[in-house]
Amino acid sequence: MEKTLNLLMGRQVSSPQLQALGVALDSTELKQWPAVIIKKGRLFCQRCGFQAPRTNYALPDKSYYCPACLAWGRLTTTMSLYSIPEANDFKKYSQDLLEKKPRLSLWQKKAAKELLQTVKRKQERLLWAVTGAGKTEMLFEALNFALLNQQRVCLATPRVDVCNELYPRLCQVFPKVKSSLLYQNSGQEYTYTQLVVCTVHQLLRFYHAFDLLVIDEVDAFPYVNDHQLHYTVANAKKINSSTLYLTATPDRYLKQQIHQEKLAVTCLPLRYHRHLLPEITLVKLYFPKQKIEARIKRYLAKWIKNKTPFLVFVPQIALLKPILEELQHFWPAIKGECVSALDPDRLQKVKNLRTGSDCYLVTTTILERGITIARLNVMVLQADAPVFSETVLVQIAGRVGRDKDYPTGDVILAYQEMTSALRAAKKQIKLLNKKATQLLKNDEVSTL
């Protein structure tokens, strides 16, 4: 029973879920509150924050249910949520937990210090750093401080792929700390750990659990503009806690929060290897019925000749196979595959590209962020499609030149009609590179 109660610390479960664990509803250690309440004729779910007129979600027994989080077990106005207050029942360490401290540049050290001070003061901060700036490495000192002080720490991100990139790195850096990786079908059963890496949706299962909550890729779907997930994040952390937001491409809301001085920000426009971001090349196409025009084919042929891995982005799943078939027709001896969010083998396919088993992947925006592959080039077909927003295009461009040994590469955006997103993405990268160049000049002056 003690082990079961341990699993409930900082968690929130419904009455049926609690009974399935074999815990009595009247256990003195449990905190209890209504799962769904009615306020002025409106339904309000206290697990996910969903609100709506109650009449839309009435049940035959005259109770009401939340339709938004059914996948996590149905909640009604007749049910309660239960939790055991987070006790921070973790081992006390007497020495530094960082197995190997990363070598940081002067600017990375400055950013890392600001993040550490934010955690010490239980505050909030946005780390706005370009793709490939080393955001994860800049977090290590702040994470180390929290873990040494027996705080419970969570790194949450909207994307499963990013979770799978982060988790092994953190396990390697903090091998003494008990950690867990949580996402749907991850294959891991929930255990009580000090360090949690999860998708943002998994935070629905937590209640006032975390002393430090890091939200990576804060601008990414589905977190961005999702008020329920924002409620979930606020619910998952303790009242007296610290929050760090990470992004390379802040959305309009975050920029507004910064401008209004409601959110502290640390900005780093330079990658860790001191090279600028690869800039965008726009290629206008003239034959809409043709999938891969001759101009595009020349870029692809050059990459294949140089044995450079590449990604070809398309706006719709329906285009994956046609584009893949055309590439296979042009270069039958070169191995490539297609991948989307619906593909159960997508992690293995990314691994095949990374190891060199495949030369290329045709992909949707599922691979716009969260992956690092050396010597990579990218091609975006139909880059004027609505799905390719400014943020998405900058993130896609950020896949290129991330490795210190291969800091350059091609970013080709093929379009028929110029869009504001295309202009803005190209402008944003130029502006960041201008700031980075100034940073490098200042550094040269300071070392004279």
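With hydrogens and angles left out, the side-chain atoms of Thr391 and Asp219 include no donor and acceptor closer than 3.5 Å. No side-chain donor from either of Glu217 and Thr157 sits under 3.5 Å from a side-chain acceptor of the other. Inspection of the Arg271 and Thr131 side chains reveals an N or O donor paired with an N or O acceptor under 3.5 Å. Side-chain contact check for Gln428 and Glu390: at least one donor-acceptor pair (N or O, by modelled atom type) lies under 3.5 Å.
In this pair, His230 and His227 present their aromatic rings perpendicular. The plane angle is above 60°, beyond the 30 to 60° band. Ring geometry, Phe206 versus Tyr190: the interplanar angle exceeds 60°, so the pair is classed perpendicular (tilted spans 30 to 60°). The aromatic rings of Trp72 and His201 sit parallel, their planes meeting at an angle under 30°, below the 60° perpendicular limit. Between Tyr65 and Tyr57, the ring-plane angle classifies as perpendicular under the 30° and 60° cut-offs.
Atom CD of Gln172 sits in a sparse spot, with 12 or fewer heavy atoms from other residues, nucleotides or ligands closer than 6.0 Å. In the displayed structure, Leu70 atom CG is contacted under 6.0 Å by more than 12 heavy atoms of other residues, nucleotides or ligands. Other residues, nucleotides and ligands contribute over 12 non-hydrogen atoms within 6.0 Å of the NZ atom of Lys122. Residue Lys91 qualifies as open at atom NZ: its count of foreign heavy atoms under 6.0 Å is 12 or below.
Between Thr199 and Gln184, the closest side-chain pair of non-hydrogen atoms is not below 4.5 Å. At least one side-chain heavy atom of Leu413 sits under 4.5 Å from a side-chain heavy atom of Val411. Contact annotation: the side chain of Leu116 never approaches that of Asn144 to less than 4.5 Å [non-hydrogen atoms, C-beta and beyond]. Here the side chains of Leu115 and Leu139 are in contact, with some heavy-atom distance below 4.5 Å. When side chains are defined from C-beta on, Asp403 does not count as touching Thr372, because their heavy atoms never get closer than 4.5 Å. Residues Leu170 and Phe140 form a side-chain contact, since some pair of their non-hydrogen atoms from C-beta on lies under 4.5 Å apart. The side-chain heavy atoms of Gln117 and Lys120, taken from C-beta on, include a pair separated by under 4.5 Å. For the pair Leu18/Leu30, a side-chain contact is recorded, criterion being any heavy-atom separation below 4.5 Å from C-beta on.
One N or O on the side chain of Lys349 and one on the backbone of Cys338 form a donor-acceptor pair closer than 3.5 Å. Judged by distance alone, the side chain of Arg47 and the main-chain N or O of Cys69 form a donor-acceptor pair under 3.5 Å. Counting only distance, with no hydrogens or angles, the side chain of Asn377 and the backbone of Phe310 share no donor-acceptor pair below 3.5 Å. Here the side chain of Tyr272 pairs a donor or acceptor atom with the backbone of Lys404 at under 3.5 angstrom. Side chain of Tyr93 to main chain of Lys176: a donor-acceptor pair is present (N/O by atom type, distance under 3.5 Å, no hydrogens or angles). Within the 3.5 Å criterion, the main-chain N or O of Glu368 finds no donor-acceptor partner in the side chain of Thr365. Not a single donor-acceptor pair under 3.5 Å links the side chain of Asn352 to the backbone N or O of Asp358. When atom types are taken as modelled, the side chain of Asp96 and the backbone of Leu98 share a donor-acceptor pair closer than 3.5 angstrom. Side-chain atoms of Gln12 do not come within 3.5 Å of backbone N or O of Ser83 as any donor-acceptor pair. At least one donor-acceptor pair under 3.5 Å links the side chain of Arg399 to the backbone N or O of Gln395.
Note: Leu342 CG to Ile317 CD1 = 4.0 Å, rounded to the nearest 0.5 Å. Once rounded to the nearest 0.5 Å, the distance linking CG of Leu320 with CD of Glu337 reads 12.0 Å. For the atom pair OG1 (Thr77) and CE (Met79), the distance works out to 10.0 Å, reported to the nearest 0.5 Å. Put simply, CZ on Phe313 and CZ on Phe388 are 7.5 Å apart, with the number rounded to the nearest 0.5 Å. Leu268 contributes atom CG, which lies 6.5 Å from atom OG of Ser105 (distance to the nearest 0.5 angstrom). One finds the CG atom of Leu126 at 10.5 Å from the CD atom of Gln257 (value rounded to the nearest 0.5 Å).
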- Under the salt bridge (Lys or Arg N to Asp or Glu O under 4.0 Å) criterion, do Glu137 and Arg169 qualify, and how do the steps go? CA-CA 10 Å; Glu137 288 76 13; Arg169 292 172 69 187; 2.3 Å; yes
| Residue pair Thr78, Thr76: steps toward the side-chain hydrogen bond (donor to acceptor under 3.5 Å, both in side chains) verdict | CA-CA 5 Å; Thr78 62; Thr76 72; 2.8 Å; yes
Note to self: One pair to check against ring-ring contact (aromatic ring centres under 6.0 Å, His included): Phe44 and Tyr231. What are the steps and the verdict?
What the structure shows: CA-CA 12 Å; Phe44 178 75; Tyr231 171 88; 5.8 Å; yes
- Message: Run Asp216 and Lys135 through salt bridge (Lys or Arg N to Asp or Glu O under 4.0 Å) and show every step you take.
- Response: CA-CA 9 Å; Asp216 195 10; Lys135 289 190 288 293; 5.6 Å; no
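Considering all non-hydrogen atoms of both residues, Gly134 and Gln108 come closest at CA-NE2, 4.0 Å. Across every non-hydrogen atom of Gln17 and Val13, the tightest pair is OE1-CA, 3.4 Å. The two residues Leu75 and Ser14 make their nearest non-hydrogen contact at CD2-CB, 3.6 Å. When all heavy atoms of Gln202 and Leu182 are compared, the pair lying nearest together is CG-O, 3.5 Å. Between Ala146 and Gln194, the closest heavy-atom pair is O-NE2, 4.3 Å. Residue Leu21 comes nearest to Leu8 through the heavy atom pair CD1-CD2, 3.8 Å, listed as atom of the first residue, atom of the second, then distance.
A salt bridge (Lys or Arg N to Asp or Glu O under 4.0 Å) with Asp211 holds for exactly one of Arg152, Lys238, Lys237; it is Lys238. Across Arg354, Arg159, Arg369, Lys351, a single residue satisfies salt bridge (Lys or Arg N to Asp or Glu O under 4.0 Å) together with Glu165, and that is Arg354.
In this structure, Tyr207 has its ring center at least 6.0 angstrom away from the ring center of Tyr82.
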